[in-house]
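What follows is a short report on a single structure.
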Amino acid sequence: MEPLRAPTGTHDLMPGDSARWVALLGVFAALAEKSGFGLIHTPLFEDVRLFRRGVGTETEVVGKEMYEFTDRGGRAMALRPEGTASVVRAFIQHHPIPPFRAWYATPTFRYERPQAGRYRQHHQVGVEVLGIADADVDVEVLALANDYLQGLGLSGYTLRLNSLGDAACRPQYVASLREYLTANQGSLCEEHKGKISANPLRILDCKDERCRSVSVGAPTMSEALCEQCAEHFARVKAGLDAQNISYFLDAKLVRGLDYYTRTTFEVTLDLGEGELTILGGGRYDGLVEVLGGVPTPGIGFGSGIERVLLACDRQDVFAIQPTVPMVYIVDTTDGAHARDLVASLRKEGLIAERAYGNRSMKSQFKTADRSGARFALVIGDREAADGTITIRDLRGGGEQVVVARDALLTSLLELAAKN
RNA sequence: GUGGGUAUAGCUCAGCUGGUUAGAGCGCCUGGUUGUGGUCCAGGAGGUCGCGGGUUCGAACCCCGUUACUCACCCCA
(Lines give C-alpha, C1' and ligand atoms only; values in the text may rest on other atoms or scores of the structure.)
Protein backbone atom coordinates (compact mmCIF):
# COMPACT_ATOMS: atom_id res chain seq x y z
CA MET A 1 0.00 0.00 0.00
CA GLU A 2 1.14 3.51 -0.75
CA PRO A 3 2.12 5.28 2.42
CA LEU A 4 -0.60 7.63 3.56
CA ARG A 5 0.27 11.28 3.47
CA ALA A 6 -1.44 14.62 3.82
CA PRO A 7 -3.51 15.43 0.70
CA THR A 8 -2.00 17.54 -2.07
CA GLY A 9 -1.75 21.16 -1.15
CA THR A 10 -2.20 20.56 2.57
CA HIS A 11 0.40 20.36 5.28
CA ASP A 12 0.76 19.29 8.85
CA LEU A 13 1.64 21.89 11.40
CA MET A 14 3.86 20.08 13.86
CA PRO A 15 4.66 20.90 17.48
CA GLY A 16 7.68 23.16 17.46
CA ASP A 17 6.67 24.88 14.26
CA SER A 18 3.30 25.55 15.79
CA ALA A 19 4.81 27.78 18.46
CA ARG A 20 4.76 30.79 16.18
CA TRP A 21 1.18 30.05 15.18
CA VAL A 22 0.18 30.18 18.79
CA ALA A 23 2.06 33.46 19.11
CA LEU A 24 0.60 34.89 15.90
CA LEU A 25 -2.92 34.07 16.98
CA GLY A 26 -2.13 35.70 20.30
CA VAL A 27 -1.03 38.90 18.61
CA PHE A 28 -4.07 39.01 16.38
CA ALA A 29 -6.56 38.07 19.08
CA ALA A 30 -5.19 40.67 21.46
CA LEU A 31 -5.45 43.44 18.86
CA ALA A 32 -8.91 42.40 17.74
CA GLU A 33 -10.29 42.05 21.26
CA LYS A 34 -8.86 45.42 22.17
CA SER A 35 -10.73 46.93 19.24
CA GLY A 36 -14.05 45.45 20.26
CA PHE A 37 -14.08 42.33 18.15
CA GLY A 38 -15.22 38.98 19.53
CA LEU A 39 -14.26 35.56 18.24
CA ILE A 40 -16.69 33.91 15.86
CA HIS A 41 -16.67 30.26 14.86
CA THR A 42 -18.89 29.16 12.02
CA PRO A 43 -19.06 25.75 10.34
CA LEU A 44 -16.31 24.85 7.91
CA PHE A 45 -18.94 23.73 5.44
CA GLU A 46 -22.06 25.52 4.39
CA ASP A 47 -24.87 25.23 1.90
CA VAL A 48 -23.12 25.72 -1.41
CA ARG A 49 -25.59 28.45 -2.33
CA LEU A 50 -24.14 30.72 0.34
CA PHE A 51 -20.88 31.02 -1.58
CA ARG A 52 -22.48 30.98 -5.01
CA ARG A 53 -24.71 33.90 -4.14
CA GLY A 54 -22.36 35.68 -1.79
CA VAL A 55 -18.99 35.41 -3.47
CA GLY A 56 -20.31 35.14 -7.01
CA THR A 57 -20.59 32.32 -9.54
CA GLU A 58 -18.38 34.17 -11.97
CA THR A 59 -15.40 34.28 -9.64
CA GLU A 60 -12.57 31.79 -9.94
CA VAL A 61 -12.80 31.03 -6.26
CA VAL A 62 -16.35 29.76 -6.55
CA GLY A 63 -16.50 28.82 -10.22
CA LYS A 64 -13.52 26.51 -10.38
CA GLU A 65 -11.78 26.24 -7.03
CA MET A 66 -14.47 25.38 -4.53
CA TYR A 67 -14.52 22.07 -2.67
CA GLU A 68 -18.08 20.91 -3.17
CA PHE A 69 -19.70 17.72 -2.01
CA THR A 70 -23.07 16.15 -1.45
CA ASP A 71 -23.69 15.01 2.10
CA ARG A 72 -25.46 11.79 3.03
CA GLY A 73 -28.76 13.60 3.09
CA GLY A 74 -28.31 14.73 -0.49
CA ARG A 75 -27.59 18.36 0.37
CA ALA A 76 -25.13 20.31 -1.76
CA MET A 77 -22.41 21.60 0.53
CA ALA A 78 -19.09 23.37 0.11
CA LEU A 79 -16.02 23.85 2.24
CA ARG A 80 -15.47 27.51 3.00
CA PRO A 81 -13.34 29.16 0.31
CA GLU A 82 -13.08 32.46 2.22
CA GLY A 83 -14.14 33.88 5.55
CA THR A 84 -16.68 36.61 4.98
CA ALA A 85 -19.73 34.83 3.60
CA SER A 86 -20.13 32.58 6.63
CA VAL A 87 -19.87 35.46 9.07
CA VAL A 88 -22.50 37.38 7.16
CA ARG A 89 -24.73 34.33 7.10
CA ALA A 90 -24.40 33.97 10.87
CA PHE A 91 -25.15 37.66 11.27
CA ILE A 92 -28.34 37.33 9.28
CA GLN A 93 -29.35 34.14 11.08
CA HIS A 94 -28.86 35.39 14.64
CA HIS A 95 -29.84 39.05 14.36
CA PRO A 96 -27.24 40.45 16.72
CA ILE A 97 -27.75 44.11 17.50
CA PRO A 98 -25.52 46.07 15.16
CA PRO A 99 -22.82 47.14 15.07
CA PHE A 100 -21.44 43.66 14.99
CA ARG A 101 -17.72 43.07 15.17
CA ALA A 102 -16.24 39.59 14.87
CA TRP A 103 -12.76 38.18 14.35
CA TYR A 104 -11.92 34.72 13.17
CA ALA A 105 -9.09 32.32 12.58
CA THR A 106 -10.07 29.57 10.21
CA PRO A 107 -8.95 27.15 7.55
CA THR A 108 -10.12 27.99 4.05
CA PHE A 109 -10.19 25.65 1.09
CA ARG A 110 -9.52 26.21 -2.58
CA TYR A 111 -8.89 23.52 -5.11
CA GLU A 112 -5.90 24.86 -7.00
CA ARG A 113 -2.37 23.84 -7.87
CA PRO A 114 -0.13 24.44 -4.90
CA GLN A 115 2.99 26.58 -5.09
CA ALA A 116 4.95 28.88 -2.84
CA GLY A 117 2.57 30.46 -0.33
CA ARG A 118 -0.39 28.75 -1.91
CA TYR A 119 -2.27 25.79 -0.53
CA ARG A 120 -5.51 23.90 -0.96
CA GLN A 121 -6.07 24.35 2.71
CA HIS A 122 -4.69 27.56 4.06
CA HIS A 123 -5.53 29.53 7.15
CA GLN A 124 -6.73 33.04 7.59
CA VAL A 125 -7.22 35.43 10.41
CA GLY A 126 -9.65 38.21 9.75
CA VAL A 127 -12.28 40.60 11.03
CA GLU A 128 -15.70 41.76 9.89
CA VAL A 129 -17.73 44.78 10.95
CA LEU A 130 -21.42 44.85 10.07
CA GLY A 131 -23.79 47.72 10.48
CA ILE A 132 -21.51 50.72 10.19
CA ALA A 133 -21.42 52.68 6.96
CA ASP A 134 -19.21 55.44 8.39
CA ALA A 135 -15.90 55.73 6.57
CA ASP A 136 -14.16 56.01 9.92
CA VAL A 137 -14.70 52.33 10.50
CA ASP A 138 -12.84 51.65 7.27
CA VAL A 139 -9.92 53.47 8.81
CA GLU A 140 -10.24 51.45 12.01
CA VAL A 141 -10.19 48.21 10.11
CA LEU A 142 -7.20 49.28 8.05
CA ALA A 143 -5.40 50.44 11.17
CA LEU A 144 -6.02 47.06 12.77
CA ALA A 145 -4.58 45.33 9.73
CA ASN A 146 -1.56 47.59 9.87
CA ASP A 147 -1.05 47.09 13.61
CA TYR A 148 -1.24 43.36 13.13
CA LEU A 149 1.45 43.24 10.46
CA GLN A 150 3.60 45.68 12.37
CA GLY A 151 3.06 43.74 15.55
CA LEU A 152 4.65 40.73 13.93
CA GLY A 153 7.63 42.83 12.98
CA LEU A 154 6.92 43.05 9.26
CA SER A 155 7.89 46.13 7.32
CA GLY A 156 8.18 47.34 3.77
CA TYR A 157 4.77 46.11 2.73
CA THR A 158 2.45 48.15 0.55
CA LEU A 159 -1.15 48.92 1.33
CA ARG A 160 -2.91 49.21 -2.00
CA LEU A 161 -6.14 51.12 -1.85
CA ASN A 162 -8.97 51.70 -4.24
CA SER A 163 -12.66 52.44 -4.30
CA LEU A 164 -14.93 50.31 -6.43
CA GLY A 165 -17.95 52.59 -6.09
CA ASP A 166 -21.39 51.39 -5.22
CA ALA A 167 -24.71 50.48 -6.79
CA ALA A 168 -25.19 54.10 -7.80
CA CYS A 169 -22.02 54.64 -9.77
CA ARG A 170 -20.41 51.28 -10.52
CA PRO A 171 -22.87 50.11 -13.18
CA GLN A 172 -22.25 53.27 -15.19
CA TYR A 173 -18.54 52.88 -14.82
CA VAL A 174 -18.63 49.24 -15.87
CA ALA A 175 -20.66 50.24 -18.91
CA SER A 176 -18.12 52.84 -19.96
CA LEU A 177 -15.26 50.45 -19.30
CA ARG A 178 -16.96 47.79 -21.38
CA GLU A 179 -17.39 50.30 -24.16
CA TYR A 180 -13.72 51.23 -24.03
CA LEU A 181 -12.56 47.61 -23.96
CA THR A 182 -14.82 46.63 -26.80
CA ALA A 183 -13.30 49.39 -28.89
CA ASN A 184 -9.85 47.98 -28.11
CA GLN A 185 -10.88 44.37 -28.14
CA GLY A 186 -8.35 43.34 -30.74
CA SER A 187 -5.44 44.46 -28.56
CA LEU A 188 -6.37 42.35 -25.54
CA CYS A 189 -4.76 39.03 -24.65
CA GLU A 190 -6.26 35.85 -26.08
CA GLU A 191 -8.09 34.90 -22.93
CA HIS A 192 -9.80 38.24 -22.46
CA LYS A 193 -10.83 38.92 -26.02
CA GLY A 194 -14.03 37.01 -25.40
CA LYS A 195 -14.45 37.77 -21.72
CA ILE A 196 -15.36 41.42 -21.76
CA SER A 197 -19.03 41.08 -21.02
CA ALA A 198 -18.60 38.61 -18.17
CA ASN A 199 -16.43 40.75 -15.96
CA PRO A 200 -14.65 43.70 -17.53
CA LEU A 201 -13.12 44.83 -14.22
CA ARG A 202 -11.01 41.72 -14.09
CA ILE A 203 -9.19 42.74 -17.24
CA LEU A 204 -7.69 45.71 -15.41
CA ASP A 205 -5.95 43.18 -13.18
CA CYS A 206 -4.60 41.10 -16.07
CA LYS A 207 -0.84 40.84 -16.13
CA ASP A 208 -0.53 40.23 -19.84
CA GLU A 209 1.37 43.03 -21.56
CA ARG A 210 -1.34 43.51 -24.17
CA CYS A 211 -4.08 43.91 -21.58
CA ARG A 212 -1.90 46.17 -19.51
CA SER A 213 -1.24 48.57 -22.31
CA VAL A 214 -4.94 48.72 -23.05
CA SER A 215 -5.63 49.27 -19.34
CA VAL A 216 -3.38 52.31 -19.21
CA GLY A 217 -5.83 54.35 -21.22
CA ALA A 218 -8.95 52.89 -19.68
CA PRO A 219 -11.36 55.02 -17.70
CA THR A 220 -10.79 54.63 -13.96
CA MET A 221 -13.29 54.06 -11.22
CA SER A 222 -11.94 56.92 -9.18
CA GLU A 223 -12.98 59.40 -11.89
CA ALA A 224 -16.40 57.83 -12.05
CA LEU A 225 -17.25 57.73 -8.35
CA CYS A 226 -20.54 59.31 -7.41
CA GLU A 227 -20.54 62.12 -4.92
CA GLN A 228 -21.21 59.93 -1.88
CA CYS A 229 -18.59 57.39 -2.84
CA ALA A 230 -16.05 60.10 -3.52
CA GLU A 231 -16.75 61.67 -0.14
CA HIS A 232 -16.49 58.32 1.58
CA PHE A 233 -13.19 57.58 -0.08
CA ALA A 234 -11.82 61.02 0.75
CA ARG A 235 -12.70 60.51 4.39
CA VAL A 236 -10.93 57.14 4.43
CA LYS A 237 -7.80 58.65 2.95
CA ALA A 238 -7.92 61.54 5.38
CA GLY A 239 -8.19 59.11 8.27
CA LEU A 240 -5.21 57.11 7.07
CA ASP A 241 -3.20 60.28 6.59
CA ALA A 242 -4.08 61.41 10.10
CA GLN A 243 -2.75 58.16 11.50
CA ASN A 244 0.33 58.15 9.31
CA ILE A 245 -0.64 54.93 7.63
CA SER A 246 0.87 55.09 4.20
CA TYR A 247 -0.96 53.68 1.22
CA PHE A 248 -0.71 53.49 -2.51
CA LEU A 249 -3.72 54.42 -4.62
CA ASP A 250 -4.15 51.64 -7.12
CA ALA A 251 -6.91 52.42 -9.58
CA LYS A 252 -6.42 48.99 -11.13
CA LEU A 253 -6.99 47.12 -7.88
CA VAL A 254 -9.85 44.76 -8.49
CA ARG A 255 -10.55 41.95 -6.13
CA GLY A 256 -11.55 38.46 -7.09
CA LEU A 257 -14.72 38.32 -5.07
CA ASP A 258 -17.84 39.95 -6.42
CA TYR A 259 -19.21 41.41 -3.22
CA TYR A 260 -16.83 44.31 -2.78
CA THR A 261 -18.01 47.92 -2.92
CA ARG A 262 -16.32 51.21 -2.18
CA THR A 263 -13.17 50.84 -0.11
CA THR A 264 -11.09 47.92 -1.33
CA PHE A 265 -7.56 47.08 -0.34
CA GLU A 266 -4.74 44.61 -0.49
CA VAL A 267 -1.44 44.42 1.32
CA THR A 268 1.40 43.15 -0.81
CA LEU A 269 5.02 42.48 -0.11
CA ASP A 270 7.88 42.32 -2.55
CA LEU A 271 9.84 39.14 -1.92
CA GLY A 272 12.42 39.70 -4.60
CA GLU A 273 10.77 37.56 -7.25
CA GLY A 274 7.20 38.71 -7.55
CA GLU A 275 4.80 40.14 -5.05
CA LEU A 276 2.94 38.24 -2.42
CA THR A 277 -0.51 39.31 -1.25
CA ILE A 278 -0.64 38.78 2.49
CA LEU A 279 -3.88 40.52 3.33
CA GLY A 280 -6.95 41.62 1.43
CA GLY A 281 -10.39 42.98 2.05
CA GLY A 282 -12.80 45.80 1.66
CA ARG A 283 -16.29 47.03 2.05
CA TYR A 284 -19.27 44.91 0.98
CA ASP A 285 -22.33 47.06 1.54
CA GLY A 286 -24.60 44.96 -0.64
CA LEU A 287 -23.72 41.51 0.62
CA VAL A 288 -26.12 41.17 3.54
CA GLU A 289 -29.02 42.01 1.28
CA VAL A 290 -27.85 39.63 -1.42
CA LEU A 291 -27.83 36.86 1.17
CA GLY A 292 -31.35 37.64 2.28
CA GLY A 293 -30.84 40.00 5.22
CA VAL A 294 -31.98 43.53 5.73
CA PRO A 295 -29.61 45.89 3.90
CA THR A 296 -26.59 46.33 6.18
CA PRO A 297 -23.19 47.76 5.33
CA GLY A 298 -20.11 45.70 6.07
CA ILE A 299 -16.34 45.73 5.85
CA GLY A 300 -13.58 43.31 6.70
CA PHE A 301 -10.34 41.67 5.73
CA GLY A 302 -8.68 38.32 5.70
CA SER A 303 -5.00 37.56 5.94
CA GLY A 304 -3.29 34.30 5.10
CA ILE A 305 -1.32 32.96 8.03
CA GLU A 306 1.05 30.83 5.95
CA ARG A 307 1.88 33.74 3.69
CA VAL A 308 2.37 36.13 6.54
CA LEU A 309 4.75 33.70 8.21
CA LEU A 310 6.52 33.18 4.91
CA ALA A 311 7.01 36.93 4.75
CA CYS A 312 8.25 36.91 8.34
CA ASP A 313 10.80 34.26 7.40
CA ARG A 314 12.10 36.35 4.53
CA GLN A 315 12.40 39.39 6.75
CA ASP A 316 13.88 37.43 9.64
CA VAL A 317 11.24 38.58 12.07
CA PHE A 318 8.82 36.87 14.43
CA ALA A 319 11.12 33.94 15.11
CA ILE A 320 9.31 32.41 18.05
CA GLN A 321 11.08 29.78 20.09
CA PRO A 322 9.04 26.82 21.29
CA THR A 323 8.38 26.66 25.00
CA VAL A 324 11.19 25.06 26.91
CA PRO A 325 10.94 23.33 30.28
CA MET A 326 12.20 25.01 33.42
CA VAL A 327 13.22 21.73 34.96
CA TYR A 328 13.88 18.23 33.72
CA ILE A 329 13.72 15.41 36.19
CA VAL A 330 16.31 12.67 36.07
CA ASP A 331 15.34 9.71 38.23
CA THR A 332 17.55 6.63 38.30
CA THR A 333 15.66 4.87 41.06
CA ASP A 334 12.43 3.52 39.62
CA GLY A 335 10.69 6.59 38.26
CA ALA A 336 8.18 6.94 41.07
CA HIS A 337 9.91 10.07 42.33
CA ALA A 338 9.86 11.57 38.87
CA ARG A 339 6.21 10.68 38.50
CA ASP A 340 5.22 12.44 41.70
CA LEU A 341 7.62 15.35 41.42
CA VAL A 342 6.65 16.28 37.87
CA ALA A 343 3.00 16.37 38.94
CA SER A 344 3.59 18.54 41.98
CA LEU A 345 5.90 20.96 40.16
CA ARG A 346 3.37 21.41 37.38
CA LYS A 347 0.75 22.21 39.97
CA GLU A 348 3.14 24.83 41.31
CA GLY A 349 3.16 26.35 37.84
CA LEU A 350 6.59 25.24 36.66
CA ILE A 351 7.09 23.80 33.22
CA ALA A 352 8.43 20.41 34.16
CA GLU A 353 9.49 17.46 32.03
CA ARG A 354 11.02 14.11 32.91
CA ALA A 355 12.76 11.07 31.51
CA TYR A 356 10.92 7.81 31.14
CA GLY A 357 11.90 4.18 30.96
CA ASN A 358 14.44 4.02 33.75
CA ARG A 359 17.39 4.62 31.49
CA SER A 360 20.94 5.32 32.52
CA MET A 361 21.87 8.58 34.17
CA LYS A 362 23.88 9.49 31.11
CA SER A 363 21.08 8.98 28.65
CA GLN A 364 18.59 10.74 30.88
CA PHE A 365 20.92 13.70 30.95
CA LYS A 366 21.09 13.65 27.19
CA THR A 367 17.35 13.97 26.92
CA ALA A 368 17.43 16.62 29.61
CA ASP A 369 19.91 18.60 27.55
CA ARG A 370 17.95 18.13 24.38
CA SER A 371 14.76 19.35 26.02
CA GLY A 372 16.37 22.74 26.50
CA ALA A 373 15.52 22.71 30.19
CA ARG A 374 17.18 25.21 32.44
CA PHE A 375 17.79 22.81 35.34
CA ALA A 376 18.08 19.09 35.78
CA LEU A 377 16.65 17.71 39.00
CA VAL A 378 18.46 14.54 39.92
CA ILE A 379 17.02 11.82 42.08
CA GLY A 380 19.35 8.87 42.44
CA ASP A 381 19.87 6.39 45.28
CA ARG A 382 21.53 8.99 47.51
CA GLU A 383 18.77 11.56 47.12
CA ALA A 384 16.09 8.94 47.52
CA ALA A 385 17.74 7.75 50.71
CA ASP A 386 18.06 11.12 52.41
CA GLY A 387 15.08 12.94 50.95
CA THR A 388 17.05 15.46 48.89
CA ILE A 389 17.23 16.55 45.29
CA THR A 390 20.28 17.59 43.30
CA ILE A 391 19.76 20.63 41.15
CA ARG A 392 22.12 20.95 38.22
CA ASP A 393 22.30 24.10 36.13
CA LEU A 394 22.31 22.96 32.52
CA ARG A 395 23.22 26.29 31.05
CA GLY A 396 26.39 27.30 32.79
CA GLY A 397 29.29 25.06 33.66
CA GLY A 398 27.06 22.58 35.41
CA GLU A 399 27.00 23.87 38.98
CA GLN A 400 25.16 21.59 41.35
CA VAL A 401 23.53 22.00 44.70
CA VAL A 402 21.85 19.42 46.88
CA VAL A 403 18.72 20.68 48.57
CA ALA A 404 16.12 19.24 50.85
CA ARG A 405 12.95 18.29 49.09
CA ASP A 406 10.92 20.96 50.93
CA ALA A 407 13.35 23.63 49.85
CA LEU A 408 13.28 22.69 46.18
CA LEU A 409 10.95 25.37 44.95
CA THR A 410 12.56 28.26 46.77
CA SER A 411 16.02 27.08 45.75
CA LEU A 412 14.97 26.86 42.13
CA LEU A 413 13.53 30.34 42.15
CA GLU A 414 16.68 31.69 43.78
CA LEU A 415 18.93 30.02 41.24
CA ALA A 416 16.75 31.14 38.34
CA ALA A 417 16.82 34.71 39.56
CA LYS A 418 20.61 34.79 39.48
CA ASN A 419 20.75 35.39 35.76
C1' G B 1 -6.27 23.12 -16.27
C1' U B 2 -0.97 24.16 -18.91
C1' G B 3 4.41 23.98 -18.55
C1' G B 4 9.51 23.20 -16.07
C1' G B 5 12.40 20.74 -12.17
C1' U B 6 12.95 16.86 -8.51
C1' A B 7 12.16 11.86 -6.16
C1' U B 8 18.46 7.51 -2.73
C1' A B 9 18.59 6.50 5.54
C1' G B 10 14.54 10.37 10.30
C1' C B 11 16.90 15.25 7.88
C1' U B 12 20.36 17.55 4.04
C1' C B 13 22.56 15.32 0.07
C1' A B 14 26.76 12.35 -2.85
C1' G B 15 26.71 8.14 -6.10
C1' C B 16 32.01 8.92 -12.17
C1' U B 17 30.49 6.69 -19.26
C1' G B 18 24.89 0.94 -16.07
C1' G B 19 29.25 -3.52 -12.87
C1' U B 20 28.82 -7.21 -8.01
C1' U B 21 27.95 -6.37 0.10
C1' A B 22 24.36 1.55 -1.84
C1' G B 23 27.67 6.12 0.80
C1' A B 24 28.64 10.90 3.75
C1' G B 25 27.32 14.64 7.26
C1' C B 26 23.74 15.63 10.88
C1' G B 27 20.26 13.12 14.02
C1' C B 28 19.20 8.52 16.86
C1' C B 29 20.92 4.20 20.16
C1' U B 30 25.03 1.94 23.06
C1' G B 31 29.74 2.22 25.26
C1' G B 32 34.36 4.95 26.82
C1' U B 33 32.91 7.33 32.79
C1' U B 34 28.16 0.85 36.82
C1' G B 35 25.75 9.14 39.54
C1' U B 36 25.89 13.53 35.11
C1' G B 37 24.23 16.48 29.47
C1' G B 38 26.14 20.15 26.01
C1' U B 39 32.86 18.79 23.57
C1' C B 40 35.75 14.36 22.15
C1' C B 41 36.52 8.99 20.81
C1' A B 42 34.62 4.02 19.46
C1' G B 43 30.74 0.93 17.98
C1' G B 44 25.64 0.15 16.33
C1' A B 45 20.67 0.46 14.33
C1' G B 46 18.24 2.40 10.09
C1' G B 47 17.30 2.16 2.86
C1' U B 48 12.68 -3.43 -1.50
C1' C B 49 17.34 3.94 -4.30
C1' G B 50 8.75 6.95 -5.10
C1' C B 51 5.79 3.02 -7.69
C1' G B 52 4.93 -0.21 -12.22
C1' G B 53 6.83 -2.05 -16.65
C1' G B 54 10.84 -2.42 -20.39
C1' U B 55 16.12 -2.78 -22.38
C1' U B 56 20.52 -5.57 -20.55
C1' C B 57 24.60 -11.01 -18.52
C1' G B 58 23.85 -6.99 -14.94
C1' A B 59 19.79 -0.90 -13.57
C1' A B 60 19.82 3.91 -8.10
C1' C B 61 21.91 5.16 -13.09
C1' C B 62 19.13 4.10 -19.76
C1' C B 63 13.71 4.02 -21.96
C1' C B 64 8.21 4.24 -21.23
C1' G B 65 4.28 4.95 -17.92
C1' U B 66 2.47 6.51 -13.23
C1' U B 67 2.17 8.97 -8.49
C1' A B 68 3.95 12.53 -5.26
C1' C B 69 6.66 16.84 -4.17
C1' U B 70 8.25 21.54 -5.98
C1' C B 71 8.35 26.05 -9.00
C1' A B 72 5.88 29.09 -12.61
C1' C B 73 1.29 30.66 -15.45
C1' C B 74 -3.98 31.59 -14.17
C1' C B 75 -6.16 33.33 -9.80
C1' C B 76 -5.69 34.56 -4.89
C1' A B 77 -4.54 34.77 1.41
Side-chain angles (χ1 to χ4, degrees), chain A residues 1-11 14 55 58-66 80-84 105-126 145 149 189-192 195 199 202 205-208 211 253-257 265-269 273-281 300-311 328 330-333 355 357 359-385 390-400 402:
Chain A
M1 192 173 102
E2 285 275 303
L4 295 169
R5 36 166 40 257
T8 296
T10 68
H11 59 280
M14 302 293 279
V55 180
E58 291 301 315
T59 62
E60 297 254 328
V61 167
V62 167
K64 45 188 279 201
E65 294 177 354
M66 199 153 62
R80 150 188 317 162
E82 56 91 52
T84 302
T106 179
T108 56
F109 304 86
R110 293 179 197 174
Y111 191 89
E112 47 189 349
R113 291 290 293 269
Q115 64 192 65
R118 206 245 214 104
Y119 304 97
R120 288 188 176 174
Q121 176 179 337
H122 76 276
H123 300 79
Q124 292 188 14
V125 293
L149 299 175
C189 75
E190 298 308 319
E191 189 194 338
H192 284 128
K195 224 181 178 179
N199 196 339
R202 203 66 52 72
D205 201 33
C206 182
K207 277 145 197 127
D208 188 280
C211 281
L253 176 66
V254 177
R255 306 208 18 91
L257 314 178
F265 53 90
E266 243 176 46
V267 175
T268 59
L269 196 58
E273 352 68 66
E275 293 205 314
L276 189 70
T277 301
I278 56 176
L279 186 148
F301 70 77
S303 174
I305 294 176
E306 288 86 352
R307 285 190 180 181
V308 163
L309 289 178
L310 179 65
Y328 193 98
V330 169
D331 178 351
T332 56
T333 61
R359 308 209 298 158
S360 71
M361 176 98 35
K362 181 185 176 111
S363 70
Q364 292 195 38
F365 260 97
K366 281 196 176 185
T367 55
D369 182 56
R370 212 179 301 147
S371 76
R374 175 70 203 279
F375 299 106
L377 302 184
V378 184
I379 303 172
D381 293 333
R382 288 204 296 269
E383 289 85 352
T390 297
I391 305 173
R392 182 180 175 89
D393 189 333
L394 291 174
R395 283 208 204 141
E399 299 79 17
Q400 294 193 177
V402 180

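The structure presented is a predicted model; accordingly, all values stated were derived computationally and were not measured. Lettering follows sequence order; numbering is per chain, from 1.
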Would you measure the distance from the [atom1] atom in [N] across to the matching atom in [M] and give it in whole Å?
| N | M | atom1 | answer |
| --- | --- | --- | --- |
| B:G38 | B:A77 | P | 50 Å |
| B:G1 | B:C63 | P | 27 Å |
| B:A72 | B:G18 | C1' | 34 Å |
| B:C11 | B:C16 | C1' | 26 Å |
| B:G15 | B:A60 | C1' | 8 Å |
| B:A45 | B:U30 | C1' | 10 Å |
| B:U12 | B:C69 | C1' | 16 Å |
| B:C71 | B:G10 | P | 23 Å |

Can you tell me the distance, in whole Å, between the [atom1] atom of [X] and the [atom2] atom of [N]?
| X | N | atom1 | atom2 | answer |
| --- | --- | --- | --- | --- |
| A:R120 | B:C74 | CZ | P | 18 Å |
| A:E112 | B:C75 | CD | P | 12 Å |
| A:R382 | B:U36 | CZ | P | 10 Å |
| A:F365 | B:U36 | CZ | C1' | 4 Å |
| A:D393 | B:G38 | CG | P | 16 Å |
| A:E399 | B:G37 | CD | P | 15 Å |
| A:R307 | B:C76 | CZ | P | 11 Å |
| A:L253 | B:C76 | CG | P | 10 Å |

Looking only at atom types and distance, does a side-chain atom of A:T108 sit under 3.5 Å from a main-chain N or O of A:R80, one as donor and one as acceptor?
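Side chain of A:T108 to backbone of A:R80, a donor-acceptor pair under 3.5 Å: no, none is there.
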Under 3.5 Å, is there a donor-acceptor pair between the side chain of A:R120 and the main chain of A:T10?
no
Would you mind reporting whether [Y] and [X] have side-chain heavy atoms less than 4.5 Å apart?
| X | Y | result |
| --- | --- | --- |
| A:L377 | A:I391 | yes |
| A:E82 | A:R110 | yes |
| A:F375 | A:D393 | yes |
| A:Q121 | A:H11 | no |

Given the structure, check if the side chain of [X] and the base of [N] hold any donor-acceptor pair shorter than 3.5 Å.
| X | N | answer |
| --- | --- | --- |
| A:R118 | B:C74 | yes |
| A:Q121 | B:A77 | no |
| A:R370 | B:G37 | no |
| A:Q364 | B:U36 | no |

From the set [options], return the single nucleotide nearest to any side-chain atom of [X].
| X | options | result |
| --- | --- | --- |
| A:D369 | B:G37, B:U2, B:C28 | B:G37 |
| A:E65 | B:G32, B:C75, B:C76 | B:C75 |
| A:V378 | B:G37, B:C76, B:G35 | B:G35 |
| A:S360 | B:G31, B:G38, B:C76 | B:G31 |
| A:A116 | B:A77, B:C71, B:G35 | B:C71 |
| A:R392 | B:U36, B:C75, B:C76 | B:U36 |
| A:Q115 | B:A77, B:C73, B:G38 | B:C73 |
| A:E383 | B:A77, B:G31, B:G35 | B:G35 |
| A:V61 | B:A77, B:C29, B:C76 | B:C76 |
| A:R113 | B:A72, B:C76, B:G37 | B:A72 |

Side-chain N or O of [X] less than 4.0 angstrom from OP1 or OP2 on [N]?
| X | N | value |
| --- | --- | --- |
| A:T367 | B:G37 | no |
| A:R359 | B:U30 | yes |
| A:R374 | B:G38 | no |
| A:R5 | B:G50 | no |

Which part of the nucleic acid does [X] contact within heavy-atom distance under 4.0 Å: base, sugar-phosphate only, or nothing?
| X | value |
| --- | --- |
| A:Q400 | base |
| A:G83 | nothing |
| A:G117 | base |
| A:L394 | base |

Side chain to side chain donor-acceptor pair (under 3.5 Å) evaluation trace for A:E383 with A:T390:
CA-CA 7 Å; A:E383 289 85 352; A:T390 297; 2.5 Å; yes
Please determine, for [N], whether a Watson-Crick or G-U wobble partner exists with both distances under 3.5 Å, and give it or none.
| N | answer |
| --- | --- |
| B:C69 | B:G5 |
| B:U12 | B:A24 |
| B:A42 | B:U30 |

Identify the two heavy atoms, one from A:P81 and one from A:V61, that lie closest to each other, and give their separation to 0.1 Å.
CB-CG1, 3.6 Å
Here the pair of heavy atoms bringing A:F265 nearest to A:L279 is CE1-CD2, 3.8 Å
Relative to the 5' end of RNA chain B, which residue comes earlier, A:T8 or A:S363, by the nucleotide with the nearest heavy atom?
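The residue closer to the strand's 5' end, by nearest nucleotide, is A:S363.
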Go nucleotide by nucleotide along RNA chain B from the 5' end; which of A:P114 and A:G304 gets its closest nucleotide reached first?
A:P114
